[in-house]
Protein chains: 2
Amino acid sequence: MTAQEGAPLGLRERKKLATRRALGRAALLLALERGPENVRVDDIAAAVGVAPRTYNNYFSSVEEAICSLNVERAAQVAAGLRARPAGEPLAEALVNGIVGTVDGYTGGAEPDRAVVRVIAGAPMLRGEFLKSMTLVERALAEAIAERLEAAADRELMSRVLAAAVVAAARTATDHWLENPAGAPYHAVLRRALSFVGTEAAVAPERDG
Amino acid sequence: MTAQEGAPLGLRERKKLATRRALGRAALLLALERGPENVRVDDIAAAVGVAPRTYNNYFSSVEEAICSLNVERAAQVAAGLRARPAGEPLAEALVNGIVGTVDGYTGGAEPDRAVVRVIAGAPMLRGEFLKSMTLVERALAEAIAERLEAAADRELMSRVLAAAVVAAARTATDHWLENPAGAPYHAVLRRALSFVGTEAAVAPERDG
DNA sequence: CGCAAGTTTGCGTGCCACGCACTTTCCGGT
DNA sequence: ACCGGAAAGTGCGTGGCACGCAAACTTGCG
């Protein structure tokens, strides 16, 4: 999914993925220019130089195309957590991993408000956006589960923590969007994550 | 919205609300019978005895109609929290309020797996379902904010807690759905909520 | 070099959201 | 009891979308 693994990718797959990305990028670009509700399937296809019918081989709705780039962050967030040292407490690892992922995504700079507003703020995309967030949850839950070796209900716990953390991040984004003069995204995100105390999770047992 | 306030409701409004509910109920019923993807707008309209065009005056998608009944729980959940004694710690009030709301909704019995699976499990409805959950978040955040009188960033905190708690409940539902032989919904829900430790919230003074 | 699998494309079908104008209903004031 | 008019229901037309199907084309691989 991440395209960082070039080895097992056939040439055909490569081209297909490129088309998919181009469609997603074009969809997002058009949404930025004229608003998501004014983006026609034909426009996206035309922008990429592909038949409208082909577009439907990749996405089954305009919303899905616009949010598709967002989906790629799922694996990134999970990798962000896995990159944290094994000894780090889960709560800190989660915060540092996620914040680090965002930094890697934005190059350390403040996210582009226009882009975020379109993807996360447009009512038309809300459903699809939330749906894409559940993919992040799923990936993150797996990474969390790896840190909860011997817990009784590792399954439920990891999924709940992932969902809570993602929900906190999403809320932070909303809040940051609504307060343009407020704290930088960094700070809002950290504070929001601090509210979903994951202290309860590290309690059961841990080995060094 | 909640229909519990009969006083300021004109007769017209009453009928309109009845139609809306009838449409939602019919949509859900049809989705249960034949699966959400086999529900046509005309069927819903016909089941209620109304013109298809009229249906579109109430809902702008089949998904929205099917999930509409779920939306009514937003106010219920918020009320569930407000009904808790003022002295109760927030964490406990949240758990007890939500669990109590579910009980009130199911009459204390186990939720109907078929219904829950259709609403919360059908891929086609996933986006709309998650969207409806954000309404619950919003309502719950307000109720939470009322309990956080003097906190510095009551706004962000209440919204994060609401989102985290709703996310935990949703995860509990997913988990309960996937494990038919597992613990009753009650227990899964309580356990899931216990993982999103809200201990951090009751201590207003925290480093920023 | 040629085949077979995979990909793109055009077309047709069923479905849907919604603006507009018209009809029906019925609330509220006199 | 009556009536004016707003609100709700309805029919129709338009623009748009998802997807099955089958033909044309591309390309990896033997």
Side-chain angles (χ1 to χ4, degrees), chain A residues 3 6-24 26-28 30-31 33-68 122-128 131, chain B residues 1 3 6-28 30-31 33-68 122-128 131:
Chain A
L9 274 191
L11 300 186
R12 253 176 162 135
E13 324 268 334
R14 202 180 294 265
K15 190 167 187 180
K16 203 175 174 185
L17 187 55
T19 303
R20 185 183 192 81
R21 291 230 212 183
L23 284 171
L28 178 56
L30 287 171
E33 287 176 359
R34 52 178 89 163
E37 61 273 347
N38 296 324
V39 177
R40 306 274 150 262
V41 165
D42 296 24
D43 302 334
I44 305 176
V48 179
V50 92
R53 182 63 183 85
T54 300
Y55 159 88
N56 258 320
N57 289 339
Y58 288 91
F59 302 106
S60 44
S61 76
V62 178
E63 296 91 328
E64 190 181 338
I66 298 179
C67 293
S68 67
M124 174 192 174
L125 300 177
R126 197 70 187 175
E128 190 65 33
K131 220 162 104 185
Chain B
M1 291 276 183
L9 274 189
L11 301 185
R12 253 174 161 135
E13 325 269 333
R14 201 181 294 265
K15 189 167 186 180
K16 200 175 175 184
L17 187 56
T19 303
R20 184 183 192 82
R21 290 226 212 184
L23 285 170
R25 199 189 326 270
L28 179 56
L30 287 171
E33 287 177 359
R34 52 178 88 162
E37 62 272 348
N38 295 325
V39 177
R40 305 275 151 263
V41 165
D42 296 25
D43 302 333
I44 305 177
V48 179
V50 93
R53 183 61 182 88
T54 299
Y55 160 88
N56 259 318
N57 289 339
Y58 288 92
F59 302 105
S60 46
S61 76
V62 178
E63 297 89 328
E64 192 181 336
I66 298 180
C67 293
S68 67
M124 174 193 176
L125 301 178
R126 197 69 186 176
E128 191 65 31
K131 219 162 104 185

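Letters go in sequence order (proteins before strands), and every chain restarts at 1.
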### Summary
Applying side-chain contact (heavy atoms from CB on, under 4.5 Å) to B:R40 and not counting sequence neighbours gives B:D43

### Message
Tell me every residue that passes side chain to side chain donor-acceptor pair (under 3.5 Å) with B:R25, counting only those two or more places apart in sequence or in another chain.
### Response
none

### Query
Mind checking what makes side chain to side chain donor-acceptor pair (under 3.5 Å) contact with B:S60, not counting sequence neighbours?
B:E64

### Message
Taking any atom closer than 4.0 angstrom to a non-hydrogen atom of chain B, what span of DNA chain C does the protein reach, first nucleotide to last?
### Response
C:dC15 to C:dC27

### Message
B:E128: which residues meet the salt bridge (charged side-chain N to carboxylate O under 4.0 Å, His left out) condition with it, sequence neighbours left out?
### Response
B:K131

### Message
Less than 4.5 Å apart, side chain to side chain, heavy atoms only: is that true for B:V62 and B:Y55?
### Response
yes

### Task
For A:N56, enumerate each residue passing the side chain to side chain donor-acceptor pair (under 3.5 Å) test, keeping only those at least two apart in sequence or located in another chain.
none

### Message
Based on the rotation axes of five pairs at each end, what angle does the helix from C:dC1-D:dG30 to C:dT30-D:dA1 bend through, to 10°?
### Response
30°

### Task
Return the minimal non-hydrogen interatomic distance between B:V48 and B:L23, and the atom names on each side.
CG2-CD2, 3.6 Å

### Query
A:E63 or B:K15: which one's nearest nucleotide on DNA chain D is closer to the 5' end?
B:K15

### Message
Tell me every residue that passes side chain to side chain donor-acceptor pair (under 3.5 Å) with A:D42, counting only those two or more places apart in sequence or in another chain.
### Response
none

### Neighbours of DNA chain C within residues 36-45 of chain A, by heavy-atom distance under 4.0 Å
none

### Task
Could you grab the distance from atom CD1 of A:I44 to atom CG of A:L30, nearest 0.5 Å is fine?
6.5 Å

### Query
Just checking A:F59: base, sugar-phosphate only, or nothing, at a heavy-atom cut-off of under 4.0 Å?
nothing

## Note on the structure
Expected list for residues 47-54 of chain A near DNA chain C, using heavy atoms below 4.0 Å, is A:V50, A:A51, A:R53, A:T54

### Euclidean distance, B:Y58 OH relative to B:L17 CG, rounded to 0.5 Å
9.0 Å

### Nucleotides bounding contact with chain A, strand DNA chain D, heavy-atom threshold 4.0 Å
D:dG16 to D:dG28

### Query
If you round to the nearest 0.5 Å, how far is CG of B:N57 from CZ of B:R20?
11.0 Å

### Query
Hey, what do you get for CD (B:E37) to CG (B:L125), rounding to the nearest 0.5 Å?
8.5 Å

### Task
Can you see which heavy atom on B:P52 is nearest to which on B:V41, and at what distance?
O-CG1, 4.5 Å

## Note on the structure
What one should report as the nearest heavy-atom pair of B:G24 and B:F59 is N-CE1, 4.2 Å

### Query
Does A:R126 have any salt bridge (charged side-chain N to carboxylate O under 4.0 Å, His left out) partners at least two apart in sequence or in another chain, and if so, which?
A:D174

